[in-house]
Amino acid sequence: MPSLSAAPRLVATDLDGTALRADGSISSRTAAAFADVERAGAMLVFVTGRPPRWMSVVADAVRHRGLAICANGALVYDLHTERIVESHLIEPDVLGEVVAQLRANVPELAFSVEYEGGFAHESDFRLGGMDSKAVAGLRVGASTLTSRPCAKLLALHPEMDPDSLHEAVQDLVGHLVTATHSSGRALIEMSAQGVTKASALAALSSRNGIKPDEVIAFGDMPNDLPMLAWAGTSYAVANAHPDVLAAVDHVTAANDEDGVALVLENLYR
């Protein structure tokens, strides 16, 4: 296990596919390692593509301590108060233009949006994860979908390769939004231009007088790449996307083998 000259002042970790197990749970070992970080006086920040409404399990596991950077940097969420404390949203005029450009050039796309207080989706958007049990009342038309600011716009294709779809979206609307992806599906996640996990983490670190070389970050998917590049020390879990494995300083064990905890135990225990 690589050793650092001093324990980092800030630990930034992705959740799904990284710190969480495949079933979405936090193992007792990982929860204990998170507690070690806080006992040592370091800052623990969850940096995730998840919206705040998906954070209850994590908040419970860490006893409602700390902050989470959600929606790939668009929302900062206080786990103690369970309130959004900072937002970086896509404005309706940009949303409308992005949807129009993508719909005209990439057939079969379906869209959904993540607002500060919930989400909405088109009728042909195939829901996954926790939203697969969402109520039908959240189905709306495109004009309603883009009628107010949102934290994240999602575009789903039924069959394209995720990396190929991301490349197409980047070429078409990369000047309007920041696009990435974080799942095995052809699901592209778009934030306001310039908003990434790294931008939100850098701002939070700066406010707390923490420099990049005092930060260690963990991730597994392309939406983690900006954060991993910004942090002084970067780790991928063994199950990470090939682009992530190629970009990091170190690789730890897979998420189902408590890879994040393994590193944190070495640093803080």
Side-chain angles (χ1 to χ4, degrees), residues 4 6-87 114 116-119 129-131 133 151 182 197 200-210 214-221 223-224 227-228 231 233 235 237 252-269:
L4 303 174
R9 293 180 61 197
L10 189 152
V11 173
T13 182
D14 174 54
L15 291 174
D16 295 284
T18 301
L20 303 187
R21 294 197 163 180
D23 63 2
S25 66
I26 299 177
S27 73
S28 57
R29 182 178 182 181
T30 295
F34 288 160
D36 290 339
V37 172
E38 294 199 317
R39 274 195 296 270
M43 181 177 290
L44 176 65
V45 183
F46 301 109
V47 191
T48 177
R50 285 188 174 210
R53 59 194 175 82
W54 284 13
M55 292 299 294
S56 59
V57 171
V58 178
D60 290 344
V62 298
R63 299 183 181 180
H64 298 267
R65 291 192 299 263
L67 288 172
I69 293 171
C70 295
N72 294 329
L75 303 172
V76 179
Y77 187 64
D78 188 319
L79 294 174
H80 174 65
T81 61
E82 296 191 49
R83 295 183 64 182
I84 295 168
V85 296
E86 188 176 331
S87 302
E114 190 69 48
E116 287 180 286
F119 81 109
M130 296 183 185
D131 287 335
K133 299 179 182 178
S182 64
K197 290 187 174 188
L201 184 61
L204 176 62
S205 298
S206 178
R207 288 195 295 269
N208 286 275
I210 297 173
E214 298 174 304
V215 177
I216 185 171
F218 299 86
D220 76 304
M221 288 297 285
N223 64 330
D224 297 314
M227 172 180 72
L228 295 169
T233 303
Y235 272 86
V237 286
T252 185
N255 62 323
D256 281 341
E257 297 171 355
D258 297 314
V260 173
L262 183 64
V263 177
L264 297 182
E265 288 165 357
N266 184 62
L267 291 170
Y268 296 99
R269 187 167 293 177

Legend entry - Check against side-chain contact (heavy atoms from CB on, under 4.5 Å), Thr18 and Asn255: CA-CA 5 Å; Thr18 301; Asn255 62 323; 5.6 Å; no

Legend entry - Pair Thr13-Phe34, side-chain contact (heavy atoms from CB on, under 4.5 Å): steps then yes or no: CA-CA 10 Å; Thr13 182; Phe34 288 160; 4.2 Å; yes

Legend entry - Full working for side-chain contact (heavy atoms from CB on, under 4.5 Å) between Arg29 and Leu262: CA-CA 9 Å; Arg29 182 178 182 181; Leu262 183 64; 3.6 Å; yes

Inset, instruction - Could you walk me through whether Val263 and Ile216 pass side-chain contact (heavy atoms from CB on, under 4.5 Å), step by step? - result: CA-CA 10 Å; Val263 177; Ile216 185 171; 4.0 Å; yes

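Side-chain contact between Phe46 and Leu79: present, with at least one pair of heavy atoms (C-beta onward) separated by less than 4.5 Å. Proximity of Asp36 to Leu264: side-chain heavy atoms (C-beta onward) are nowhere separated by under 4.5 Å. You'll find the side chain of Thr233 stays beyond 4.5 Å of the side chain of Pro8, heavy atoms only. Residues Leu67 and Asp78 meet the side-chain proximity criterion, which asks for heavy atoms closer than 4.5 Å. With a 4.5 Å cut-off on side-chain heavy atoms, Leu20 and Arg50 count as touching.
Note: Phe218 and Tyr235 have parallel aromatic rings, judged against thresholds of 30 and 60 degrees for the angle between ring planes.
Checking each of Met55, Glu86, Arg53 against Tyr77 for a side chain to side chain contact (heavy atoms under 4.5 Å, CB included) leaves exactly one that passes, namely Met55. Evaluated for a side-chain hydrogen bond (donor to acceptor under 3.5 Å, both in side chains) with Arg21, the options Asp258, Asp256, Asp16 yield exactly one hit, Asp258.
Taking CG of Leu10 as the start and CD of Glu214 as the end, the distance is 9.5 Å to the nearest 0.5 Å. Atom CE in Met43 sits 7.5 Å away from atom OG in Ser205 (nearest 0.5 Å).
When all heavy atoms of Val58 and Ile26 are compared, the pair lying nearest together is CA-CD1, 3.9 Å. Closest heavy-atom contact between Ala61 and Ala31: O-CB, 4.4 Å. Of all heavy-atom pairs spanning Ala33 and Glu265, the tightest one is CB-CG, 4.5 Å. When all heavy atoms are compared, the tightest approach of Thr30 to Ala19 is CG2-O, 3.9 Å. Considering all non-hydrogen atoms of both residues, Ala200 and Ile69 come closest at CB-CG2, 3.6 Å. A pairwise comparison of heavy atoms in Lys197 and Val47 identifies NZ-O, 3.0 Å as the closest pair.
Applying the 6.0 Å contact sphere to CZ of Arg207 captures more than 12 heavy atoms from other residues, nucleotides or ligands. By the 6.0 Å contact criterion, NE2 on His80 is open, its count of non-hydrogen atoms from other residues, nucleotides or ligands being 12 or less.
Under the 4.0 Å criterion applied to side-chain N and carboxylate O atoms, Glu38 and Arg63 are not assigned as salt-bridge partners.
In this structure a side-chain-to-backbone donor-acceptor pair under 3.5 Å is present from Asp224 to Met221.
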